[in-house]
Peer 1: 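Sharing a structure below in structure tokens format, with a few things to ask.
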Amino acid sequence: MSRAIRTVLCAALAMVLSLPAAAAEEMTGTDGPGAQILPYLEEHNMNETNCAIGWYDLETGDSWYFGADTYIKAGSMYKLPLVMAVTDKIAAGELDPEGFTRGYQIGQAMEWAIVYSDNDAAQALRYTLAPDKAAYRNYLAAYSGIPLEDLPEEYYSDNRMSPRFMIGTLLYLYEHSDQYGEIIENMKASHPGRYFQSTQGEYEIAHKYGYFEGALNDCAIVYTPRPFLLVVFTKNVSYAEDRLGELCTMMTDYALTLETLPSPDPAPTPAPAPEDPASYCPALPAVAAGVAALK
């Protein structure tokens, strides 16, 4: 094999090895779980004006949204990133879980804000984190993955959040489970048999619900064999708690379907190369030199 051909093959090999993995797909409409979810929404008079949903496959990074960037009153859902932020302050040595704020021991307030959705405990934490409202909301937004400049004014003025905002927050929580393990355990213990937990108990669900003025929402890590994240916002939807439970069950069934899909046939064994590529591509600098020589 000539030196020029070896140089070209070496460059090609380097390019193949440097290719990124397949990008995760963000789906909408009838793609992914939408084929089952959209008819259900229509049946129960749920649409873009009163509902928003986010789903995220923790194995592939694929997602599905219905109103991804629709901001709806979050209710107590804000308590999840709030307690995450306080946890980080404790880890940084800036707060003491044994210390007190507004009559609450900080560690106890963190537990009560998640397990019982205690408003007074959460407000004590909120003012301890940052008395200034804009600074406090910036703390929460840090976990969403959304740049501050992309957040609408209503996020700051009216405690509104979106499916994309909460999926980002849940993803950060899941990816740092060691750091936030106590939060996740408290989410599992919160309001058993309610909201996402209301129609299926086979798999663990770590969730945080939110309710305020007709808005009833839930967000969760659902620990199926193929775990996923789920966020559902509703606004003045009839039997909203039933809808939350049923949507969680449908998404669980979808995740289980993905888990049981047959694996693709293994790729055929390639024919042996005429020469070991390592013999003509010993190091990456040689690739660069060879490419330069072809110019």
Side-chain angles (χ1 to χ4, degrees), residues 56 58 71 73-162 164-192 195 204-212 217-221 223 229 231:
Y56 187 97
L58 286 165
Y71 280 75
K73 287 184 181 290
S76 292
M77 200 177 281
Y78 80 90
K79 294 168 185 171
L80 173 56
L82 168 63
V83 175
M84 291 168 66
V86 174
T87 298
D88 288 344
K89 288 284 189 180
I90 291 171
E94 298 177 28
L95 290 175
D96 180 0
E98 302 299 321
F100 283 80
T101 178
R102 297 196 168 200
Y104 285 90
Q105 186 182 58
I106 291 176
Q108 183 183 66
M110 295 166 68
E111 177 185 352
W112 287 12
I114 298 296
V115 176
Y116 307 113
S117 202
D118 187 296
N119 290 326
D120 293 335
Q123 285 302 301
L125 295 174
R126 172 253 192 272
Y127 284 102
T128 300
L129 181 65
D132 178 74
K133 184 176 181 179
Y136 145 71
R137 295 295 284 182
N138 286 344
Y139 271 117
L140 306 194
Y143 301 98
S144 72
I146 298 176
L148 296 182
E149 60 269 22
D150 292 344
L151 293 169
E153 188 278 334
E154 59 191 339
Y155 166 74
Y156 290 95
S157 65
D158 203 21
N159 188 32
R160 292 173 181 261
M161 295 176 177
S162 70
R164 191 185 305 279
F165 185 102
M166 287 310 302
I167 287 292
T169 302
L170 288 168
L171 182 60
Y172 192 92
L173 177 73
Y174 181 83
E175 290 180 340
H176 299 82
S177 295
D178 291 345
Q179 183 174 345
Y180 302 118
E182 187 171 350
I183 296 176
I184 292 172
E185 291 306 311
N186 286 336
M187 291 170 69
K188 292 176 181 178
S190 175
H191 299 85
Y195 315 111
E204 285 190 311
I205 298 176
H207 70 140
K208 181 69 199 82
Y209 89 102
Y211 173 75
F212 187 78
N217 320 308
D218 207 358
C219 66
I221 305 168
Y223 291 91
L229 309 176
V231 179

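Computed from a prediction, not measured in an experiment: that's the story for all the values here.
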Peer 1: Could you walk me through whether Val231 and Asn217 pass side chain to side chain contact (heavy atoms under 4.5 Å, CB included), step by step?
Peer 2: CA-CA 8 Å; Val231 179; Asn217 320 308; over 6 Å; no
Peer 1: Taking all atoms of both residues into account, what is the closest heavy-atom pair of Val83 and Ala113, and its distance?
Peer 2: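 Shortest heavy-atom contact: CG2-CB, 4.1 Å.
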Peer 1: Of the non-hydrogen atoms in Ala122 and Leu82, which two are nearest, and what is the gap between them?
Peer 2: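 Taking every non-hydrogen atom into account, O-CD2, 3.4 Å.
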Peer 1: Is it true that a side-chain atom of Thr101 and a backbone atom of Tyr104 form a donor plus acceptor pair closer than 3.5 Å?
Peer 2: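 Absent.
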Peer 1: Evaluate Ile90 against Ile106 for side chain to side chain contact (heavy atoms under 4.5 Å, CB included), listing each step before the verdict.
Peer 2: CA-CA 10 Å; Ile90 291 171; Ile106 291 176; 4.3 Å; yes
Peer 1: Sort out for me which residue in Tyr71, Phe212, Tyr78 forms a side chain to side chain contact (heavy atoms under 4.5 Å, CB included) with Asn159.
Peer 2: Tyr78
Peer 1: Extract all donor-acceptor atom pairs below 3.5 Å that involve side chains of residues 179-188 and protein atoms in other chains or at least two apart in sequence.
Peer 2:
residue : atom : partner : partner atom : Å
Gln179  : NE2  : Asp88   : OD1          : 2.4
Tyr180  : OH   : Asp88   : OD1          : 2.9
Tyr180  : OH   : Asp88   : OD2          : 2.9
Glu185  : OE2  : Lys188  : NZ           : 3.3
Asn186  : ND2  : Glu182  : O            : 3.3
Lys188  : NZ   : Glu204  : OE1          : 3.1

Peer 1: Show your working on side chain to side chain contact (heavy atoms under 4.5 Å, CB included) between Leu171 and Tyr56 and close with a plain yes or no.
Peer 2: CA-CA 9 Å; Leu171 182 60; Tyr56 187 97; 3.8 Å; yes
Peer 1: Between Thr128 and Lys89, do the side chains contain a donor N or O and an acceptor N or O under 3.5 Å apart?
Peer 2: no
Peer 1: Nearest 0.5 Å, what's the OH-NE2 distance between Tyr143 and His176?
Peer 2: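 Here the interatomic distance stands at 10.0 Å.
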Peer 1: Restricting to side chain to side chain donor-acceptor pair (under 3.5 Å), what partner residues turn up for Ser157, sequence neighbours left out?
Peer 2: Glu153
Peer 1: Using every non-hydrogen atom in the two residues, find where Ala189 and Pro192 come nearest and quote the distance to one decimal.
Peer 2: O-CD, 3.5 Å
Peer 1: State the CG-CG distance between Asn138 and Leu148, to the nearest 0.5 angstrom.
Peer 2: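 That separation rounds to 4.5 Å.
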Peer 1: Please report the interatomic distance OG(Ser144) to CD1(Ile167), rounded to the nearest 0.5 Å.
Peer 2: 12.0 Å
Peer 1: CD1 of Ile221 to NZ of Lys208: how many Å apart, nearest 0.5 Å?
Peer 2: 14.0 Å
Peer 1: Look up atom OH in Tyr116 and atom OG in Ser190, then write down how far apart they are to the nearest 0.5 Å.
Peer 2: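 Interatomic distance, Tyr116 OH to Ser190 OG, rounded to 0.5 Å: 9.5 Å.
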Peer 1: Decide, yes or no, whether a salt bridge links Lys73 with Asp158 under the criterion of side-chain N to carboxylate O below 4.0 Å.
Peer 2: yes
Peer 1: To the nearest 0.5 Å, tell me how far Arg160 CZ sits from Leu151 CG.
Peer 2: 14.5 Å
Peer 1: Could you go through the side chain to side chain contact (heavy atoms under 4.5 Å, CB included) check for Tyr209 and Met77 one step at a time?
Peer 2: CA-CA 6 Å; Tyr209 89 102; Met77 200 177 281; over 6 Å; no
Peer 1: If you compare all heavy atoms of Cys219 against all heavy atoms of Leu170, which two are closest, and at what distance to 0.1 Å?
Peer 2: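 Closest approach of Cys219 to Leu170: CB-CD1, 3.9 Å.
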Peer 1: Check whether any side-chain N or O of Tyr155 sits under 3.5 Å from a backbone N or O of Arg137 as a donor-acceptor pair, and report yes or no.
Peer 2: yes
Peer 1: Give me the one residue out of Met84, Lys79, Met161 that meets side chain to side chain contact (heavy atoms under 4.5 Å, CB included) with Leu140.
Peer 2: Met161
Peer 1: Under a 3.5 Å distance rule, please check whether Arg126 uses its side chain to pair with a backbone N or O of Ala130 as donor and acceptor.
Peer 2: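 Yes, because the side chain of Arg126 sits within donor-acceptor range (under 3.5 Å) of the backbone of Ala130.
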Peer 1: Just checking, any donor-acceptor pair under 3.5 angstrom between side chains of Ser117 and Ser76?
Peer 2: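 Yes, a side-chain donor-acceptor pair sits under 3.5 Å.
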Peer 1: Minimum heavy-atom separation for Thr87 and Met110, please, with both atom names.
Peer 2: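 Looks like OG1-CE, 3.2 Å.
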